[in-house]
Amino acid sequence: MPIKLFDSLSREIRELRPSHADGVYRFYNCGPTVYAPAHIGNFRTFVVNDVLRRLLDLEFGPGKVKHVRNLTDVDDKTIKRARDEGRPLGNVTQQWTDKFHADCAALNCLPPHEEPRAADPKYLREQVSMIDVLLKKGNAYRSPDGSVYFKVSSFENYGRLSRVKERELQLGFALAGKSQAADADEKEDGSDFALWKAWKPDDGPNKWPGPRGAAEGRPGWHIECSAMSKAILGETIDLHTGGIDLLFPHHENEIAQSECCNGQQFSRHWYHSEHLLVDGKKMSKSLGNLYTLDELVAKGFSPMALRYALLMGHPRKQLNFSLDSMHAAESALATLRNYRASLLEKTSAAENVFTPVLTALNDELNTPAAFGALFSIVNRKDSGVDRASFDQVMFALGFDLSMPAAATAEVPSAITSLAAQRWAAKQAKDFAAADALRKELAAAGWSMLDSKTDYKLEPLKKA
RNA sequence: GGUGCGGUAGCCAAGUGGUAAGGCCGAGCUCUGCAAAAGCUCUAUCCGGCGGUUCGAUUCCGCCCCGCACCUCCA
């Protein structure tokens with residue numbers, strides 16, 4: 001069953017097919033900048049890409065997919081963070097790389113096959129040599145301070161992806177932005193962008209030998225993806241993905257660099273997932289309205305529920321996140337856990353009843369439709385459903401139902417002892433005392449869940 | 001100002017030219033000493049507004065209203 005995905009460049013829905021002779025599907029996903037914990041908006045993109053990765057594995061076979069996701073570990077933000085904290089850059093980026101990995105694992109995201117870092121000496125060299133080629137070919141120029149810029153006017157296809165020309169930036173809007181100013185004097189044209197940034201005192205010890213004739217410094221942001229994608233996946237890749245905000249300028253710039261350098265198509269397919277909104281507004285570092293995974297876990301939600309909540313909306317539509325959606329996700333997952341437990345390990349069923357779920361996913365990663373199909377089947381309670389076929393769709397969606405439903409809260413000893421008293425009273429059939437103790441527990445914020453032989457303590461659910 | 005996207009039940013959210021998937025919440029029931037959990041059942045004469053095309057529109061077209069995003073920090 002072919003996977004169909006919208007292509008941001010052709011603006012059509014296209015089937016995913018490998019183009020290389022070895023049959024390996026080459027897939028590059030723009031990764032995080034490691035200077036702080038990723039927020040749940042970042043994770044929407046990574047979770048969506050993880051579902052895509054899983055579908056590719058199912059479609060082409062695990063050995064026939066090469067998934068690369070970079071780590072941006074040298075840029076303005078990482079350097080600023082290191083400077084502010086008085087720590088070496090590599091120390092800061094390692095800390096946040098580790099945190100990112102831990103969060104991804106908690107969200108049950110498959111690790112990419114390769115995870116190149118921009119500051120890796122090997123890839124620094126790749127970036128520099130690419131800039132050298134661009135200089136030689138006349139697509140780039142050195143500025144007075146020793147930086148190197150890409151000359152946008154040298155690439156006639158510039159703007160095809162974002163259709164930036166159609167947007168006709170209005171004076172006053174484009175130029176009012178503060179970010180324009182920083183290197184305006186160095187550039188020949190306002191739309192040119194940095195390939196190499198000459199060292200400045202604020203950069204501290206973070207500098208590397210530059211391209212021919214340029215000053216020591218560090219790579220511009222966009223060049224890392226072009227260089228690492230080429231080094232690992234080759235000059236033409238099958239798919240390049242990221243959040244919608246990367247469409248312009250990041251991906252537009254990548255295309256310009258790569259195609260000018262290599263003289264051939266950079267990526268055959270582009271896919272962008274939409275933003276997660278919080279309280280109806282874009283969640284962003286600059287607005288400060290962001291949640292992290294840890295914050296949700298601290299509220300008693302499970303990482304799996306976040307994964308579910310992030311998949312509740314169509315990936316190409318903005319999704320408004322709320323704590324209500326976390327509750328909904330948690331409940332829905334509980335239903336799936338119970339359903340799985342009711343299934344037989346093996347049955348004689350010939351057909352996979354869950355095919356409609358996979359069909360929905362392969363149709364543009366339509367996760368909400370997939371959930372609809374899934375619960376329709378679950379609600380039918382067909383007999384003879386195979387656990388393995390259910391597990392296959394759980395794999396595709398990336399739900400590990402064995403992961404804990406929620407963080408197990410520490411039970412205070414006072415509560416433990418009240419509970420023990422109540423259990424004893426109940427065993428003695430002193431129901432009045434048992435009920436009184438239940439009330440006491442409730443007043444302290446705890447609920448006691450009895451079974452025949454045992455009981456559990458849970459924090460009371462907040463309204 | 002330009003460029004996109006969207007407005008479907010209390011909340012979230014698919015979808016289709018032929019009469020509205022699914023999740024959450026809520027209600028009722030079963031079970032349980034109670035409570036919870038679990039299971040069962042129910043829950044939009046209607047898809048922002050006004051016109052048009054059509055035998056028929058939530059779905060196509062036009063206009064209007066509202067919201068969001070992007071326009072070189074950003075997943």
Side-chain angles (χ1 to χ4, degrees), chain A residues 11 29-33 38-49 75-77 152 162-174 177-180 182 190-194 221-222 241-250 252-253 272-277 280-287 308-309 312-314 316-322 324-336 338 341-342 356 360 366-379 381 426 429-432 434-435 438-439 441-442 447-452 455-456 458 460-461:
Chain A
R11 316 199 87 236
N29 171 19
C30 278
T33 300
H39 62 240
I40 62 174
N42 298 308
F43 282 119
R44 179 184 195 196
T45 298
F46 298 127
V47 165
V48 165
N49 274 272
D75 78 323
D76 291 347
K77 295 188 294 272
V152 164
S162 60
R163 301 190 299 162
V164 72
K165 282 168 190 153
E166 286 87 327
R167 295 189 191 191
E168 292 178 74
L169 297 194
Q170 208 198 24
L171 284 176
F173 256 83
K178 18 86 191 180
S179 52
Q180 189 81 5
S191 57
D192 292 348
F193 57 90
W221 173 38
H222 314 295
T241 68
I244 187 72
D245 51 326
L246 297 186
L247 188 116
F248 185 83
H250 186 52
E252 194 72 74
N253 292 172
H272 297 92
S273 44
E274 255 295 352
H275 278 298
L276 186 71
L277 308 179
K281 293 269 194 249
K282 187 177 98 169
M283 161 181 278
S284 75
K285 285 164 187 168
S286 52
L287 284 178
Y308 191 108
M312 286 199 320
H314 190 115
R316 282 215 293 131
K317 274 175 75 170
Q318 291 167 358
L319 174 66
N320 193 202
F321 177 85
S322 69
D324 280 348
S325 54
M326 287 300 290
H327 282 116
E330 209 77 79
S331 299
L333 282 170
T335 301
L336 293 178
N338 291 325
S342 76
N366 193 338
T367 47
F371 286 144
L374 175 62
F375 280 94
S376 298
I377 296 160
V378 166
N379 293 336
K381 296 283 189 292
K426 184 188 163 178
K429 303 223 185 287
D430 181 357
F431 296 125
D435 288 351
R438 180 183 282 290
K439 271 186 191 153
L441 282 164
S447 137
M448 193 162 161
L449 312 182
D450 295 1
S451 73
K452 280 262 189 305
Y455 61 87
K456 276 195 305 189
E458 270 187 10
L460 271 183
K461 285 179 185 152

Quote, to the nearest angstrom, the P distance that separates B:C34 from B:C29.
-> 14 Å
How does RNA chain B look in dot-bracket notation if pairs are Watson-Crick or G-U with both distances under 3.5 Å, crossing ones as [ ], other-strand ones as |?
-> (((((((..(((.....[...))).(((((.......))))).....(((((..]....))))))))))))....
Does a nitrogen or oxygen in the side chain of A:Ser342 sit under 4.0 Å from OP1 or OP2 of B:A38?
-> no
Any side-chain heavy-atom pair from A:Met312 and A:Thr367 closer than 4.5 angstrom?
-> no
Taking the side chain as every heavy atom from C-beta outward, state whether A:Gln318 and A:Glu274 have any pair of such atoms under 4.5 Å apart.
-> yes
So, does the side chain of A:His275 form a donor-acceptor pair with the base of B:A69 at under 3.5 Å?
-> no
Using a cut-off of strictly less than 4.0 Å, decide whether A:Asn366 has a side-chain nitrogen or oxygen near OP1 or OP2 of B:A14.
-> no
Aromatic ring pairing A:His222/A:His250, orientation class (parallel under 30°, perpendicular over 60°, tilted between) = tilted
Rounded to the nearest 0.5 Å, how far does CG of A:Asn49 lie from CZ of A:Arg44?
-> 11.5 Å
Among B:A75, B:C12, B:A14, find the nucleotide with the atom closest to the side chain of A:Leu276.
-> B:A75
Heavy atoms under 4.0 Å, any strand shown: does A:Ser447 hit a base, just sugar-phosphate, or nothing?
-> nothing
Quickly work out the A:His250 NE2 to B:C71 P distance and round it to whole Å.
-> 14 Å
Can you tell me the distance, in whole Å, between the CZ atom of A:Phe193 and the C1' atom of B:U72?
-> 11 Å
Separation of B:A35 C1' from A:Arg438 CZ (nearest whole Å) | 4 Å
If you measure from the C1' atom in B:U32 to the same atom in B:A38, how many Å do you get, rounded?
-> 11 Å
Pick the C1' atom in B:A9 and in B:C47, then give their distance to the nearest Å.
-> 10 Å
Would you please confirm or rule out a distance under 4.0 Å between OP1 or OP2 of B:C34 and any side-chain N or O of A:Lys426?
-> no
Relative to the 5' end of RNA chain B, which residue comes earlier, A:Arg316 or A:Ala373, by the nucleotide with the nearest heavy atom?
-> A:Arg316
C1' atoms of B:C66 and B:G48, separation to the nearest Å = 8 Å
What's the closest nucleotide to the A:Ala369 side chain, out of B:A14, B:C24, B:C73?
-> B:A14
State whether A:Asn379 places a side-chain N or O below 4.0 Å from either non-bridging phosphate oxygen (OP1 or OP2) of B:G23.
-> yes
NA contact type, A:Leu449, heavy-atom cut-off 4.0 Å: base, sugar-phosphate, or nothing?
-> base
Go through B:A75, B:U3, B:C11 for me and flag the one nearest to the A:Asp245 side chain.
-> B:A75
Rounded to whole Å, CD of A:Glu274 lies from P of B:G4 at a distance of 14 Å
Value in whole Å for how far the P atom of B:G23 lies from CG of A:Leu319 = 18 Å
For A:Lys381 and B:G39, is the shortest distance between a side-chain N/O and OP1 or OP2 below 4.0 Å?
-> no
Nucleotide B:G22, atom C1' - distance to OH of A:Tyr308 in whole Å = 8 Å
C1' gap between B:U8 and B:U16, integer Å = 13 Å
Using the rule for Phe, Tyr, His and the six-membered ring of Trp, do A:Phe375 and B:G22 stack at under 5.5 Å and under 30°?
-> no
Heavy atoms, side chains only, cut-off 4.5 Å: are A:Met326 and A:Phe321 in contact?
-> yes
Which nucleotide sits closest to the side chain of A:Ser191: B:A75, B:U72, B:C68?
-> B:U72
Given that A:Lys452 and A:Gly372 both sit by RNA chain B, which one's nearest nucleotide is further toward the 5' end?
-> A:Gly372
Do the non-hydrogen side-chain atoms of A:Leu449 and A:Ser451 ever get within less than 4.5 Å of each other?
-> no
Which nucleotide sits closest to the side chain of A:Arg11: B:A38, B:A14, B:G4?
-> B:G4
Looking at side-chain heavy atoms only, is the closest gap between A:Ile244 and A:His275 below 4.5 Å?
-> yes
A:Lys317 side chain: which of B:G7, B:C68, B:C25 is closest?
-> B:G7
Could you check which of B:C68, B:G22, B:A75 has an atom nearest any side-chain atom of A:Arg44?
-> B:A75
Between B:G15 atom P and A:Leu374 atom CG, what is the distance in whole Å?
-> 17 Å
Would you say the side chain of A:Pro32 lies within less than 4.5 Å of the side chain of A:Asn42, judging by non-hydrogen atoms?
-> no
Inter-nucleotide C1' distance (B:A13, B:C25), Å rounded | 14 Å
Could you tell me whether A:Gly41 contacts a base, only the sugar-phosphate backbone, or nothing, with contacts defined as non-hydrogen atoms closer than 4.0 Å?
-> base
Less than 3.5 Å between a donor and an acceptor, one on the side chain of A:Asp435 and one on the base of B:G33, is that the case here?
-> yes
Whole-angstrom distance between B:A57 and B:U19, as gauged at atom C1' | 10 Å
Out of B:A75, B:A69, B:U72, which has the shortest distance to the side chain of A:Gln318?
-> B:A69
Do other residues, nucleotides or ligands put more than 12 heavy atoms under 6.0 Å from A:Lys429 NZ?
-> no
Measure distances between side-chain N and O atoms of A:Asp450 and base N and O atoms of B:C34, and say whether any donor-acceptor pair falls under 3.5 Å.
-> yes
Considering all heavy atoms of both residues, which atom of A:Ser273 and which atom of A:Val48 are nearest to each other, and what is their separation?
-> CB-CG1, 4.4 Å
Please give, in whole Å, the distance from B:G23 C1' to A:Leu336 CG?
-> 10 Å
Please state whether the phosphate of B:C24, meaning OP1 or OP2, lies under 4.0 angstrom from any side-chain nitrogen or oxygen of A:Ser325.
-> no
What's the closest nucleotide to the A:Pro368 side chain, out of B:C68, B:G33, B:A14?
-> B:A14
Kindly point out which of B:A75, B:U72, B:C24 is positioned nearest to the side chain of A:Phe248?
-> B:U72
Using a cut-off of 4.0 Å on non-hydrogen atoms, how would the nucleic acid contact of A:Thr335 be classed: base, sugar-phosphate, or nothing?
-> sugar-phosphate
Residues in side-chain hydrogen bond (donor to acceptor under 3.5 Å, both in side chains) with A:Asp450, at least two apart?
-> A:Arg422, A:Lys426
When rounded to the nearest Å, what value does the distance between P atoms of B:A27 and B:A21 take?
-> 24 Å
